[in-house]
Colleague: 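Sharing a structure below in C-alpha cells format, with a few things to ask.
Lettering of chains follows the sequences in order, A, B, ..., and the numbering in each one begins at 1.
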2 protein chains.
Amino acid sequence: MAEDKNENTEEKIITAANEIFEKKGYDGAKMQEIADKAGINKALLHYYFRSKDKLFEMIFAMAFNRLAKEMDFLFNADMSLEDKITVFVDKHADFLSKNRHLPLFIVNEVNRRPEMFVNIFSKLYEKDDRLKKILAQIEKEKKAGRLKDVDLRQVMINLISMNVFPFAAKPLVKGLFRMDEAEFNKFIQDRKKIVTETIINSIVIK
Amino acid sequence: MAEDKNENTEEKIITAANEIFEKKGYDGAKMQEIADKAGINKALLHYYFRSKDKLFEMIFAMAFNRLAKEMDFLFNADMSLEDKITVFVDKHADFLSKNRHLPLFIVNEVNRRPEMFVNIFSKLYEKDDRLKKILAQIEKEKKAGRLKDVDLRQVMINLISMNVFPFAAKPLVKGLFRMDEAEFNKFIQDRKKIVTETIINSIVIK
DNA sequence: TTATGATTTAACTGTTTGGTTATACCGAAT
DNA sequence: ATTCGGTATAACCAAACAGTTAAATCATAA
C-alpha cells in the first residue's frame, strides 16, 4: 500500500520537525536539519510540506493541542477539588518531564506571533463550557463554606506557574542551587507534594 | 570630546541591541535591524562590536545582571521574612511590567546555550554568601517555631514562578480568560496580594 | 593646520538558507 | 508491461545575512 509508506514518511517528518522546532524555535530550526533527522532529503520534505511556514504551523497546532489536552483534565475530571489538584500536579509534572521543551516553545512562539495563535486558540475554545463547569464547582463549594473567596483564575495561574516554570528554567534552577541531574529530578518529585499543599492551602478554609 | 560621542553611540547600540535581542532572541535578531534602531549603519556597528556573538554576549550578561540584581533584595534586605516577601512581590511585579521580555529572554538563551551562561553565573555567585545568609534567617525562625519545616528552595522557586510566569505567558493568559490589556493589568495588580498570601501561608504556622 | 578617531556610504565577499527543478529509480497496482 | 506515486540525487536560484573594505566626510584635539 502506498498510503502506508506515505503515512510513515509523514510521521517521520512530523516527529523530526516537532523535535527540532520545539528545541530551537522557528528561527533556529533549519529545513535541512529536519530532513536529515527524518532520514529523507530536502526535496521530499518540501514535497510533503510546501514551506517552512506550513510545516511550522502544523507542528505548532499539534503541540498546542497536546498541551491543551493535558489541561483538559483540570476541567473535566469528576473529582473533588482537592483530588483534582493532587492528581493534576502529579500528572502534569510527569508530562512535563517527558516534554521538556513544549511549554517554553509554546510560550515563545505565542509571544513572537500572537496573531497565529489566536486562530488555533479560538477554534479550540470558542464553544467552550469547561471554564463554566469548574467555575460552577467552585461556586458550589464556596457557598458550602469550605473555600476561601479567591479568584479561581489566579489560583489556576499559580498552579500552572509552579508546575511549568521549574522545567522551563531548569538550567537556572540547577545552577542556582548547584544541583546535578539526579538532585534536580528529586527536587521535581518533591515539588509535587509541596505545590499541591501550597495550592490547597491557599483556597481551603481550615 | 570624542569620548563623549563615543559613549553615546555605544549606549545607543546597547539600547537597541538589548531591545531587539530580548524581543527576538539571538536567531531572530539581525545586525542590520539593530543598526537601524540605533540610528547608525552596519559598518559602525561592527566597528564597535566586532561580531554578533560578541555583541550578544555583552547584552546577555547585562540583562542577566539586571535580573540578578533584582533578586538580590531577597537575600540582603534587613526585614522580617513576611515583609521581605511582601515587598519583593510588589517590587518584582513592577520590575517585570517594565521588562516584559527579560525573563523569557534569559530562560530561552540559557536553555539554548547553557555553557555560555555557566561562566557569567559562576562569576556572579562564586564567593556567594547570600544563600547562606537567608538560610540562616530561616533556620532561626524555624527553631523559634514560627515556620513550617519546608524546603526553602522550593518556596523560592514557587515565589519566582508565580511572579514570572504570568508575564512570560501574557498572551496565553489574556487569551484563556478573554482579557483586554486593562483587565490583564488589574489581574497582575491583584496577584500581588494573592501571591504574597499564598507564599506566607505556605511557610508560616498559624 | 594637521592629525586622529568617529561616522557614512556603498559596494562587495562568502555563506547559509528556503525553495525549485530535472532526472532517474523503485515498487506496486492495473 | 506499463503507469504512477513516492523517493533520491544533485544541481541550481534568489534572498538574506554576517562581516569586510575602501574611500570620503566630519569634528575636534593638539
Colleague: Atom NZ of Lys37(B) and atom CD1 of Ile34(B): how far apart are they, to the nearest 0.5 Å?
Modeller: 10.0 Å

Colleague: For dT7(D), does either OP1 or OP2 sit under 4.0 Å from a side-chain N or O belonging to Thr9(A)?
Modeller: yes

Colleague: Measure CE/Met31(A) against C1'/dA15(D) and give the value in whole Å, please.
Modeller: 16 Å

Colleague: Taking Glu57(B) first and then Lys54(B), would you say they form a salt bridge - that is, a charged N and a carboxylate O separated by under 4.0 Å?
Modeller: no

Colleague: Measure from the side chain of Lys42(B), starting at C-beta and using heavy atoms only, and say which of dT7(D), dG19(C), dG19(D) lies closest.
Modeller: dG19(D)

Colleague: Compare the minimum distances between each of dA6(C), dA10(D), dA18(D) and the side chain of Tyr47(B), then state the nucleotide with the smallest one.
Modeller: dA6(C)

Colleague: Expressed in angstrom and rounded to an integer, what is the separation of Phe49(A) atom CZ from dG18(C) atom C1'?
Modeller: 16 Å

Colleague: Measure the distance from NZ on Lys54(A) to P on dG19(C) and round it to the nearest whole Å.
Modeller: 10 Å

Colleague: For Tyr48(A) and dT7(D), is the shortest distance between a side-chain N/O and OP1 or OP2 below 4.0 Å?
Modeller: yes

Colleague: Tell me whether the guanidinium CZ or amine NZ of Lys52(B) lies under 6.0 angstrom from the six-membered ring centre of Tyr26(B) and within 45° of its axis.
Modeller: yes

Colleague: What's the CD-P distance between Gln32(B) and dA18(D), to the nearest Å?
Modeller: 9 Å

Colleague: Counting only side-chain heavy atoms from C-beta out, which of dG18(C), dT9(D), dA18(D) sits nearest to His46(A)?
Modeller: dG18(C)

Colleague: Taking atom C1' of dC26(D) as reference, at what distance in whole Å does atom CG of Leu44(B) sit?
Modeller: 13 Å

Colleague: Classify the side chain of Lys52(A) and the base of dG19(C) as holding, or not holding, a donor-acceptor pair under 3.5 Å.
Modeller: no

Colleague: Once you round it to whole Å, what is the distance between P of dA6(C) and CD of Glu11(B)?
Modeller: 15 Å

Colleague: Nearest to the Ile40(B) side chain among dT8(C), dA8(D), dG19(D), which nucleotide is it?
Modeller: dT8(C)

Colleague: Check DNA chain C against residues 21-30 of chain B and give the residues with a non-hydrogen atom under 4.0 Å, in numerical order.
Modeller: none

Colleague: Between Phe73(B) and Lys84(B), is there a cation-pi geometry (under 6.0 Å to ring centre, at most 45° from the normal)?
Modeller: no

Colleague: With a 3.5 Å cut-off and no angle check, do the side chains of Arg66(B) and Asn18(B) form a donor-acceptor pair?
Modeller: yes

Colleague: Asn8(B) has an atom CG; how far is it from atom C1' of dT7(C), in whole Å?
Modeller: 14 Å

Colleague: Indicate whether OP1 or OP2 belonging to dT9(D) is found under 4.0 Å from a side-chain N or O atom of Asn41(A).
Modeller: no

Colleague: Do other residues, nucleotides or ligands put more than 12 heavy atoms under 6.0 Å from the CE atom of Met79(B)?
Modeller: yes

Colleague: Would you call Arg191(B) and Asp151(A) a salt bridge, taking side-chain N to carboxylate O under 4.0 Å as the test?
Modeller: no

Colleague: To the nearest angstrom, how far is Asp53(B) atom CG from dC17(D) atom P?
Modeller: 16 Å

